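For clarity, every value in this text was computed on a predicted model and none was experimentally measured.
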Amino acid sequence: MRSLQPVRGTRDILPDEMRRHRAVINCARNLAERYGYREMATPIFESTEVFQRTLGDTSDIVTKEMYTFPVREEGDSVTLRPEGTAGVARAYISNSLQQQVPIKYFYSGPMFRHERPQKGRQRQFHQVGVELLGVAQPLGDVEIIALGDHILRALGLGDAIKLELNTLGDPESRSAYRTALVEYFSAYEDKLSEDSRGRLHRNPLRILDSKDENDRRIVENAPAFGDYLNDQSRDFFAEVCAGLDALGLEYALNSRLVRGLDYYTHTCFEFTTTRLGAQGTVLAGGRYDGLMETMGGPATPGIGWAAGIERLSMLLEGQAIEGPRPIAVVPAARAQEAAALHLTHDLRHKGFAVELGYSGNLGKRMKRANKVNARAALILGESELAQGSVTLRDLDTGEQELVALDALGERLAAFR
RNA sequence: GUGGGCGUAGCUCAGUUGGUUAGAGCGCGUGGUUGUGGUCCACGAGGUCGUGGGUUCAAGUCCCAUCGCCCACCCCA
């Protein structure tokens, strides 16, 4: 029986949910395209090194969350992608795309992380994402963030979400700050929570965001990132902020906003909501100027974000997303079934969504028409067909009329 | 990986201090209507009470184990 359950952390997406899912994807794809981001796709699994090298050996994803499998060729190992950027970066290098910079890509698809499932978190989940490669200017950051904001607003989530912004500086600033943090926190090592003691050498920036009450007291007097940013990093961030201001995009600076993946530099941001419990991040990303070199490719700046389709889809619950309303073709009796089949086929080829029941008398078929939310029913009876006509019934108003078959396409235009 | 909560019909749930054939609403099916849906009425199908063991004359109810789901931590979309 256990095998008849989906594997833990995975689930089926049935049509009602799939409709919301698709609304999210379509909205993101259409707007991304408007901003010049072209859709592409990478494989859902890659050589394990692709993720190991890019995400950082200490990141949670690499140390405990990857679905990794050995493959036949000795020593080879592949991993189901836990996120999208590494694959895009690999594709950039594999295809020698440095010639075509700046590159603007949109993608969507499943991602896999072996985590304990909870609200808004599955082991297979889906993301839409964009990447902008080869643009070192803050204008790129501004555009990327503006696109994310545009999509969330277009989905009707404008007042459900807020934007948080931070800078991680360039590698020089970041490592100077990191050193200062380690030095500061080391003095309190035995007072820190167990979690934070672990973070001290793995990712000290994380301690800043600890939820432990005692940690927070220690954090209060910790060195501030602002004091360790070099001029270049400070100027860069100021320009990003100025760009967002110019567009009227509201944001909250959050110096504790840290990314888990090693490849981020400079700008990082999250759009969050309070409506999803503990998993409030709905769209997040940042700049990753060092990533390409880390992977052994040509130095190329990059910035991008990814959004969780399930999380966005959950926020859309309650918003009715209507599917197309079909026209139901209803033969009155067996004798009219052949004519009904023929008419159905003809109307489908003319571009109408048409439902033809597979069995049942007229009453059954009308019930069925109602159930599939049909806009209208075309009733084919002996008397109608004798006149080369059908009965057209408007299922919202209940009004019906006789329509000649050769005028049907035109008459039906209103019901499309 | 750690902590907590919950498993009764397709769904949401009720089920008294353990006590006869385990219930409701919604949904589904059939009929009322052999050429007319939605509303209404009647009838009906559907449950190894998550699973296994134990206590007891008797277990949906108590005990143990196990599996699953949910929520939170960690971390993230």
For RNA chain B, the residues among residues 376-385 of chain A that have a non-hydrogen atom under 4.0 Å from it |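 Of all residues in residues 376-385 of chain A, the ones placing a heavy atom under 4.0 Å from RNA chain B are A/Ile379, A/Gly381, A/Glu382, A/Ser383, A/Glu384.
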
Looking at residues 111-118 of chain A, who's got a heavy atom less than 4.0 Å off RNA chain B?
->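 Here the set is A/Arg113, A/Glu115, A/Arg116, A/Gln118.
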
Salt bridge between A/Lys104 and A/Glu131, side-chain N to carboxylate O under 4.0 Å?
->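 No.
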
Does the pair A/Glu337/A/Arg365 count as a salt bridge with the N-to-O cut at 4.0 Å?
->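 A salt bridge is present here (some side-chain N lies under 4.0 Å from a carboxylate O).
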
Does atom CD of A/Glu39 have more than 12 heavy-atom neighbours, drawn from other residues, nucleotides or ligands, at distances under 6.0 Å?
->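 Count over threshold, so yes.
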
To the nearest Å, how far apart are [X] [atom1] and [N] [atom2]?
X: A/Ile309; N: B/A77; atom1: CD1; atom2: P; result: 14 Å
X: A/Leu316; N: B/A77; atom1: CG; atom2: P; result: 20 Å
X: A/Leu362; N: B/G37; atom1: CG; atom2: C1'; result: 9 Å
X: A/Leu312; N: B/A77; atom1: CG; atom2: C1'; result: 8 Å
X: A/Glu164; N: B/A77; atom1: CD; atom2: C1'; result: 15 Å
X: A/Arg311; N: B/C75; atom1: CZ; atom2: C1'; result: 10 Å
X: A/Arg8; N: B/G1; atom1: CZ; atom2: C1'; result: 12 Å
X: A/Lys119; N: B/C74; atom1: NZ; atom2: P; result: 18 Å

Compare all side-chain heavy atoms of A/His126 with those of A/Ser108 and state whether any distance is below 4.5 angstrom.
->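 Side-chain contact under 4.5 Å: no.
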
Just wondering, do A/Asn370 and A/Leu395 contact through their side chains at under 4.5 Å, heavy atoms?
->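 A side-chain contact under 4.5 Å is absent here.
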
Any chance you could lay out the side-chain hydrogen bond (donor to acceptor under 3.5 Å, both in side chains) test for A/Glu384 and A/Ser389, step after step, and finish with the verdict?
-> CA-CA 5 Å; A/Glu384 285 94 336; A/Ser389 304; over 6 Å; no

For RNA chain B, produce a single dot-bracket line, 5' to 3'. Pairs: Watson-Crick or G-U wobble, both distances under 3.5 Å. Symbols: ( ) within strand, [ ] crossing, | other strand, . unpaired.
-> (((((((..((((.....[...)))).(((((.......))))).....(((((..]....))))))))))))....

Using atom [atom1] of each nucleotide, how far apart are [N] and [M] to the nearest Å?
N: B/A22; M: B/C49; atom1: C1'; result: 8 Å
N: B/C74; M: B/U16; atom1: C1'; result: 43 Å
N: B/G23; M: B/U66; atom1: P; result: 34 Å
N: B/G53; M: B/C70; atom1: C1'; result: 26 Å
N: B/G47; M: B/G10; atom1: C1'; result: 12 Å
N: B/G15; M: B/G25; atom1: C1'; result: 15 Å

What does [X] touch in the nucleic acid at a heavy-atom separation under 4.0 angstrom: a base, only the sugar-phosphate, or nothing?
X: A/Gln122; answer: base
X: A/Ala284; answer: sugar-phosphate
X: A/Gln400; answer: base
X: A/Gly129; answer: nothing
X: A/Asp396; answer: base

Sole residue of A/Asp141, A/Thr167, A/Ile303 in side-chain contact (heavy atoms from CB on, under 4.5 Å) with A/Val240 =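 Of A/Asp141, A/Thr167, A/Ile303, side-chain contact (heavy atoms from CB on, under 4.5 Å) with A/Val240 is met by A/Asp141 alone.
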
Hey, does the side-chain of A/Asn370 have a donor or acceptor N/O within less than 3.5 Å of a partner on the base of B/G38?
->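 Answer no: no donor N or O sits under 3.5 Å from an acceptor.
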
Confirm from the modelled atom types if A/Arg393 and B/G37 form a donor-acceptor pair under 3.5 Å, side chain to base only.
->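 Yes, a donor-acceptor pair under 3.5 Å.
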
Report the relative orientation of the aromatic rings in A/Phe269 and A/Phe271; use parallel for angles under 30°, tilted for 30 to 60°, perpendicular for over 60°.
->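 The arrangement is perpendicular - the two ring planes meet at more than 60°.
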
Should the pair A/Tyr228 and A/Tyr177 be assigned to parallel (<30°), tilted (30 to 60°) or perpendicular (>60°) ring geometry?
->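 Judged by the thresholds at 30° and 60°, the geometry between A/Tyr228 and A/Tyr177 is tilted.
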
For residues 348-395 of chain A, pull every pair meeting ring-ring contact (aromatic ring centres under 6.0 Å, His included), keeping only residues two or more places apart or in separate chains.
->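 Of all non-adjacent pairs touching residues 348-395 of chain A, those that pass ring-ring contact (aromatic ring centres under 6.0 Å, His included) are A/His345-A/His349.
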
Between A/Cys241 and A/Tyr251, is a side chain to side chain contact (heavy atoms under 4.5 Å, CB included) present by the stated rule, with each step listed?
-> CA-CA 9 Å; A/Cys241 293; A/Tyr251 53 88; 3.3 Å; yes

Which residue lies toward the 5' end of RNA chain B, A/Gly9 or A/Leu283, if each is placed at its nearest nucleotide?
->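 Per heavy-atom nearest nucleotide, the more 5' residue is A/Gly9.
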
Mapping A/Ala369 and A/Arg121 onto RNA chain B by nearest heavy atom, which one lands closer to the 5' end?
->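 Here A/Ala369 is the residue nearer the 5' end.
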
For each nucleotide in nucleotides 26-32 of chain B, reading 5' to 3', give B when a protein heavy atom comes within less than 4.0 Å of its base, S when such contact involves only the sugar-phosphate, and - otherwise.
-> --SSSS-

Contacts of type side chain to side chain contact (heavy atoms under 4.5 Å, CB included), residue A/Asp396, not counting sequence neighbours =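 In terms of side chain to side chain contact (heavy atoms under 4.5 Å, CB included), with neighbours along the sequence ignored, A/Asp396 is linked to A/Arg325, A/Arg375, A/Asp394.
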
How far apart are the closest heavy atoms of A/Leu208 and A/Arg256, and which atoms are they?
->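 Minimum heavy-atom separation between A/Leu208 and A/Arg256: O-CD, 3.3 Å.
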
side-chain N/O A/Arg368 vs B/G37 OP1/OP2, d < 4.0 Å |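 For B/G37, neither OP1 nor OP2 has a side-chain N or O of A/Arg368 closer than 4.0 Å.
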
If you measure from CD on A/Glu172 to OG on A/Ser233, what distance do you get to the nearest 0.5 Å?
->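 Here the rounded value is 7.5 Å.
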
Begin with the C-alpha distance, continue with both residues' side-chain angles, and end with the deciding distance and a verdict on side-chain hydrogen bond (donor to acceptor under 3.5 Å, both in side chains) for A/Thr300 and A/Tyr92.
-> CA-CA 10 Å; A/Thr300 307; A/Tyr92 172 82; 2.8 Å; yes

